[in-house]
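A short worksheet on the structure shown next.
In what follows, every heavy atom counts, from backbone to side chain, and hydrogens, waters and symmetry copies are set aside. Since the structure is predicted, the reported quantities are computational estimates derived from the model, not experimental observations.
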Amino acid sequence: MEIQSIKQRFGIIGNSPLLENAINIARQVAPTDISVLITGESGTGKEFFPQIIHQLSARKHGQYIAVNCGAIPEGTIDSELFGHEKGSFTGAHEARKGYFEVANGGTIFLDEVAELPLQTQVRLLRVLESGEFLKVGSSKVIKTNVRIIAATNINIPIAIQQGKFREDLYYRLNSVPIFMPPLRERKEDIILLFRKFASDFAEKYKMPSLQLEEDGQGLLLNYRWPGNIRQLKNITEQISIIEKTRLVTASTLVRYLPEIQESKLPVPFKKDHEGEISERDILYRVLFEMRKDISDLKQLVGEIIKTEGLSLDVNDNDTQVMKKFTAEYDSYMRDNNSVTIHHSSPESASEPLDDSVVLEESLSLTDREKDLIKRALEKYKGKRKNAAAELGISERTLYRKIKEYDIDQ
């Protein structure tokens, strides 16, 4: 089945290459019995993929059971998944089949699989390795032929380091990984989704559909969407019900988008209080990210000089222009508490152009970034999800940086 047909069949909206890549992986893995682990932030639409895989597989006529592992109490999760015998615990007045027995020949979707207790993880690992399990309170081995698809919004490698998830189970589940991108990485789909939701709610509530102004479109595209598609849908519904006018402008959206001003900054903004990231730290981060742009700019200047056929013996007018430029640039950098800049004079112009601008602190920007990460982790007592949000980066990026800089926690 083609990707476009799959999107139409399952009601998936969007043309993002990242989205279509995820759908393509699901389509390719569907005919097999390989376990699949779907990762991505909450609200990105991970729940579509188990249904795609099941419906496009030979198991499509078998049972499909979706289990929210985070919604079942720890004391009853084993009974729910594997069943129990009569009298095996208080309240077990009769024997009961678990999901793995009921779904034999079908598919089980374990949503929020990282929330499973360690004891249950051991049982799940046995099912994946041998297709066998024991009911609670029983010593009789039961065989099952179930395909397992799991999903989580938690960074499992970090959970493994913290002793909350078994590494062997992770590798068993992660035979084929599918990553569902966050909405902020699918900018080309945001307006499409808004219009679809607006149309759906207009039909549901018997009212005219919302129309999005151009400035409103820009605001939607620049917002970070921490709640992803779920948040966009909720906000569209709120506006559909509450606003009398059907024309949605940027000023309308601001009332519904939390922390809209902060979301438009390149990095999180905090006042310079103890334990928080200061404006100077932000400046260092921006400089760190702009190093490549500066290098490209210097290369461009060099090419212009060569193209114009400028010699090293510049005339007085050229000298005055260069002096004025460098003076203004130095003044700007000093006013912004930035790094020291050294410029070569016309008298020393025999040196290569690429050496004429030197960022003295560029070599210490790595240390500065490492320090920022340490401070964010200390502030949130090692909670990487919160630290990543504070730094304005994904948990995956934060995990990679921690490994790269060998940061102890």
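- Closest non-hydrogen pair, Ser57 versus Ala30, comes out as CB-O, 3.1 Å.
- At least one donor-acceptor pair closer than 3.5 Å links the side chain of Arg123 to the backbone N or O of Leu134.
- The aromatic rings of Phe197 and Phe201 sit tilted, their planes meeting at an angle between 30° and 60°.
- Asp78 and Thr120 are linked by a side-chain donor-acceptor pair at a separation below 3.5 angstrom, with hydrogens and angles left out of the test.
- Residues Arg230 and Ser42 have side chains in contact (heavy-atom distance under 4.5 Å, counting atoms from C-beta outward).
- Put simply, CZ on Phe82 and CZ on Phe133 are 7.5 Å apart, with the number rounded to the nearest 0.5 Å.
- Side chains of Ser79 and Thr76: no donor on one and acceptor on the other come within 3.5 Å.
- Across all non-hydrogen atoms, the minimal contact from Gln121 to Leu116 is NE2-O, 2.8 Å.
- Listed here is the closest heavy atom pair of Ala103 and Val146: O-CG2, 3.4 Å.
- With hydrogens and angles ignored, the 3.5 Å screen pairs a side-chain donor or acceptor of Lys46 with a backbone N or O of Glu41.
- Here the closest non-hydrogen pair linking Tyr64 and Pro50 is OH-CB, 3.2 Å.
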Go through Phe109 and Ile65 one step at a time and tell me if the side-chain contact (heavy atoms from CB on, under 4.5 Å) criterion holds. CA-CA 6 Å; Phe109 171 43; Ile65 298 179; over 6 Å; no

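- In this structure the side chain of Met180 never reaches within 4.5 angstrom of the side chain of Thr39, judged on heavy atoms.
- Of all heavy-atom pairs between Arg9 and Leu56, the closest is NH1-CD2, 3.9 Å.
- Proximity of a side-chain donor or acceptor of Thr236 to a complementary backbone N or O of Leu232 within less than 3.5 Å is detected.
- Salt bridge status for Arg96 with Glu80: present, with a side-chain N to carboxylate O gap under 4.0 Å.
- Pro182 has its side chain out of reach of Trp225: every pair of non-hydrogen atoms, C-beta onward, lies at least 4.5 Å apart.
- Going from atom CD1 of Ile38 over to atom CZ of Phe48 covers 12.0 Å, rounded to the nearest 0.5 Å.
- With respect to Glu132 and Lys143, a salt bridge is recorded, a charged nitrogen being found less than 4.0 Å from a carboxylate O.
- Using a 4.0 Å cut-off between charged nitrogen and carboxylate oxygen, Arg255 and Glu243 count as a salt-bridge pair.
- Not one N or O on the side chain of Thr252 forms a donor-acceptor pair closer than 3.5 Å with the backbone of Val248.
- At distances below 3.5 Å, at least one donor-acceptor pair connects side-chain atoms of Asn68 with backbone N or O atoms of Gly70.
- Taking 4.5 Å as the limit, every side-chain heavy atom of Ile158 sits out of range of all side-chain heavy atoms of Phe165.
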Decide side-chain contact (heavy atoms from CB on, under 4.5 Å) for Ile6 and Arg27; before the verdict, give the C-alpha distance in whole Å, the side-chain angles of both, and the deciding distance to 0.1 Å. CA-CA 9 Å; Ile6 293 173; Arg27 180 185 64 172; 3.8 Å; yes

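- A salt bridge links Asp33 with Arg59; the closest basic N to acidic carboxylate O contact falls under 4.0 Å.
- Atom CD of Gln28 sits about 11.5 Å away from atom CD1 of Ile53, to the nearest 0.5 Å.
- In this structure, Glu101 contributes its side chain and Thr144 its backbone to no donor-acceptor pair below 3.5 Å.
- Cation-pi geometry between Arg396 and Phe179 is met: under 6.0 angstrom from the ring centre, within 45 degrees of the axis.
- Under a 3.5 Å cut-off, the side chain of Thr32 and the backbone N or O of Val29 do form a donor-acceptor pair.
- Atom NE2 in His54 sits 11.5 Å away from atom CD1 in Ile108 (nearest 0.5 Å).
- Within the 4.5 Å cutoff, the side chain of Leu37 has heavy atoms near those of the Ile156 side chain.
- Side chain of Asp189 to main chain of Asn15: a donor-acceptor pair is present (N/O by atom type, distance under 3.5 Å, no hydrogens or angles).
- Taking a cutoff of 4.0 Å between a charged side-chain nitrogen and a carboxylate oxygen, Lys196 and Asp200 qualify as a salt bridge.
- Within a 6.0 Å sphere centred on NZ of Lys374, other residues, nucleotides and ligands contribute 12 heavy atoms or fewer.
- A 6.0 Å sphere centred on NZ of Lys385 holds no more than 12 heavy atoms belonging to other residues, nucleotides or ligands.
- In plain terms, the two heavy atoms of Lys187 and Arg184 that are nearest each other are CG-O, 3.5 Å.
- A salt bridge does not link Arg400 with Glu395: none of the charged nitrogens is closer than 4.0 Å to a carboxylate oxygen.
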Show, in sequence, the C-alpha distance, side-chain angles and deciding distance for Asn228 and Thr44, and conclude whether the side chain to side chain donor-acceptor pair (under 3.5 Å) test is met. CA-CA 6 Å; Asn228 294 292; Thr44 53; 5.6 Å; no

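- Of the possible polar contacts, none joining the Lys86 side chain to the Ala92 backbone as a donor-acceptor pair under 3.5 Å is found.
- For the 3.5 Å distance criterion, the side chains of Tyr256 and Gln231 fail to qualify, holding no donor opposite an acceptor.
- The closest donor-acceptor contact from the side chain of Arg147 to the backbone of Thr107 lies at 3.5 Å or more, if one exists at all.
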